[in-house]
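So the structure is just underneath, and the comments pick up after that.
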Amino acid sequence: MLRAYTLSNAHFATIDPSAEAPFPPDAVWIDLFNPTPDEEHYSEQHLGLLLPTREEMQEIEASSRLYQEDGAMFMTASVLFATETDAPGTAPITFVLKGQTLVTIRYAEPKSFAGFIAHAERQPMLCPSGSATLIGLLEAIVDRTADILERVATEVDALSQRIFKVHEAEHKRTTNEELEANLKLIGRSQNLVSKVRESLVSLARLLSFLSVGDATKDKAFRIHLKSLSRDVMSLTDHATYLGNNITFLLDASMGMINIEQNAIIKIFSVAAVVFLPPTLVASIYGMNFTDMPELKWMLGYPWAIGLMILSAVLPYFWFKRKGWL
């Protein structure tokens, strides 16, 4: 879909390439969302630019994501999407700034984009120019990233209290179902935080590249750019802290699992030791040798039974006294 945001109408208008109509002269934002080859070719002709393909947008090299060509700045960043699902991801979005016209190329619908578009159509002053629109979009992306980190921090705090049972008067043993649920939550949180860090790193590189462009001649633009850079750096540090905290919770959960396994193994070990002496007594008196003195003794059977019980009870009380049970 090819849409143009114009200053005269202050809203997005869909452009049909088959109609061969020129771009609106007062367009400050051209949004290509899942563009078809015809829409890409049509945009390139009217903008006089060679736009990157979807494959080129996915390159990880800085030279492929951040470059200047034909008087325009091409910048690609990884933006979070589908963060409320079990499979959050990042999608490359390319920002092309040429003069006072911004072009965005994307194949995903992040909530930050949808939210900014809705605000721009209600408040036209958000998009007075291409550079201002770019700053507004980057601020929306950074704000959305901050909200995601806050949500993850809340989930991690609740998970920490659940693992260590902070608010429970009686520390009950964690069940296997609870351990499995905790590990799933840890895995999901770690996956989301890693996606956040990936997005923040790409945004930091984009802002660093943008700071040397011609748009920085505008003082207000420079101020917003520095503020965004500080916010991205702060969020990156917070994401690193959350990542370390999640790693600690994973180690703690694995430690809980080891404790549960050791408790089970201890039960079997104690049972084996308790029943070993009675087994030895039964084996001795089960040999039935002719010269065995207790073989024809009237009290031989009660004696063997009592000896087996005594040999089982004594180790049990010994372990109990030592605090091994």
Side-chain angles (χ1 to χ4, degrees), residues 2-7 12 23-33 35 39-80 90-108 110 112-113 116-117 120 126-142 145 198-233:
L2 174 60
R3 300 184 300 174
Y5 185 91
T6 59
L7 289 175
F12 275 101
F23 270 31
D26 58 344
V28 295
W29 182 10
I30 307 298
D31 184 36
L32 285 83
F33 177 47
E39 291 173 342
E40 290 180 352
H41 182 67
Y42 178 80
S43 301
E44 290 176 344
Q45 283 185 330
H46 285 78
L47 293 170
L49 297 173
L50 185 62
L51 300 178
T53 64
R54 188 171 188 175
E55 291 73 20
E56 291 172 342
M57 291 169 58
Q58 294 174 342
E59 296 289 340
I60 62 174
E61 294 86 355
S63 59
S64 300
R65 289 194 159 212
L66 306 168
Y67 60 94
Q68 294 188 16
E69 188 176 85
D70 297 329
M73 300 182 69
F74 294 77
M75 300 160 287
T76 301
S78 299
V79 181
L80 294 163
T90 57
I93 296 180
T94 297
F95 304 87
V96 183
L97 186 62
K98 183 176 183 181
Q100 290 303 314
T101 302
L102 173 68
V103 181
T104 54
I105 309 169
R106 56 196 178 95
Y107 295 88
S112 53
F113 256 76
F116 182 78
I117 290 174
L126 293 177
C127 301
S129 63
S131 57
T133 303
L134 175 59
I135 286 295
L137 276 172
L138 294 176
E139 285 180 344
I141 292 171
V142 172
T145 304
E198 177 186 349
S199 177
L200 290 173
V201 168
S202 67
L203 287 172
R205 292 166 62 183
L206 186 151
L207 293 171
S208 177
F209 177 78
L210 187 59
S211 63
V212 299
D214 294 336
T216 55
K217 295 178 181 178
D218 184 3
K219 183 177 180 180
F221 185 88
R222 291 198 310 269
I223 293 175
H224 282 91
L225 201 60
K226 289 181 180 179
S227 177
L228 278 174
S229 299
R230 288 194 296 266
D231 290 343
V232 169
M233 185 179 300

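For the pair Ser208/Leu66, no side-chain contact is recorded, criterion being any heavy-atom separation below 4.5 Å from C-beta on. For the pair Phe33/Glu39, no side-chain contact is recorded, criterion being any heavy-atom separation below 4.5 Å from C-beta on. At a threshold of 4.5 Å between non-hydrogen side-chain atoms, the residues Leu51 and Ser43 count as touching. In this structure, Phe113 and Ile141 have side chains that are in contact, with non-hydrogen atoms separated by less than 4.5 Å. Leu134 places none of its side-chain heavy atoms less than 4.5 Å from the side chain of Met73. Here the side chains of Glu139 and Phe116 are not in contact, with every heavy-atom distance at 4.5 Å or above.
Scored by the side chain to side chain donor-acceptor pair (under 3.5 Å) test, Glu44 finds no partners at all (sequence neighbours excluded). Ser202 is linked by a side chain to side chain contact (heavy atoms under 4.5 Å, CB included) to Arg65, Ala77, Ser78, counting only residues two or more places apart in sequence or in another chain.
With rounding to the nearest 0.5 Å, the separation of OG in Ser229 from CG in Leu225 is 5.0 Å. Interatomic distance, CD1 of Ile135 versus NE2 of His224, reported as 7.0 Å (0.5 Å rounding). Taking CD of Glu56 as the start and CG of Leu50 as the end, the distance is 7.0 Å to the nearest 0.5 Å. Expressed to the nearest 0.5 Å, how far NZ of Lys226 lies from CG of Leu228 amounts to 13.0 Å. Distance NE2/His41 to CD/Gln45: 3.5 Å, rounded to 0.5 Å. Between the OG atom of Ser199 and the CD1 atom of Ile93 there is a distance of 9.0 Å, given to the nearest 0.5 Å.
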- Task: Starting from the C-alpha separation in whole Å, work towards a yes-or-no answer on side chain to side chain contact (heavy atoms under 4.5 Å, CB included) for Val96 and Leu47.
- Result: CA-CA 11 Å; Val96 183; Leu47 293 170; over 6 Å; no
- Query: Would Thr76 and Phe74 count as a side chain to side chain contact (heavy atoms under 4.5 Å, CB included) if you check the C-alpha gap in whole Å, the side-chain angles of each, and the deciding distance to 0.1 Å?
  - Reply: CA-CA 7 Å; Thr76 301; Phe74 294 77; over 6 Å; no
- Task: Would you sort out whether Arg3 and Ile117 count as a side chain to side chain contact (heavy atoms under 4.5 Å, CB included), showing the intermediate values?
- Result: CA-CA 11 Å; Arg3 300 184 300 174; Ile117 290 174; 3.4 Å; yes
- Would you sort out whether Phe95 and Leu210 count as a side chain to side chain contact (heavy atoms under 4.5 Å, CB included), showing the intermediate values? CA-CA 11 Å; Phe95 304 87; Leu210 187 59; over 6 Å; no
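Across every non-hydrogen atom of Leu102 and Gly130, the tightest pair is CB-O, 3.7 Å. Taking each heavy atom of Ala27 and Thr101 in turn, the nearest pair found is O-OG1, 3.6 Å.
The salt bridge (Lys or Arg N to Asp or Glu O under 4.0 Å) pairs that include a residue from residues 95-108 are Asp31-Arg106, Arg106-Glu109, where partners are two or more places apart or lie in different chains.
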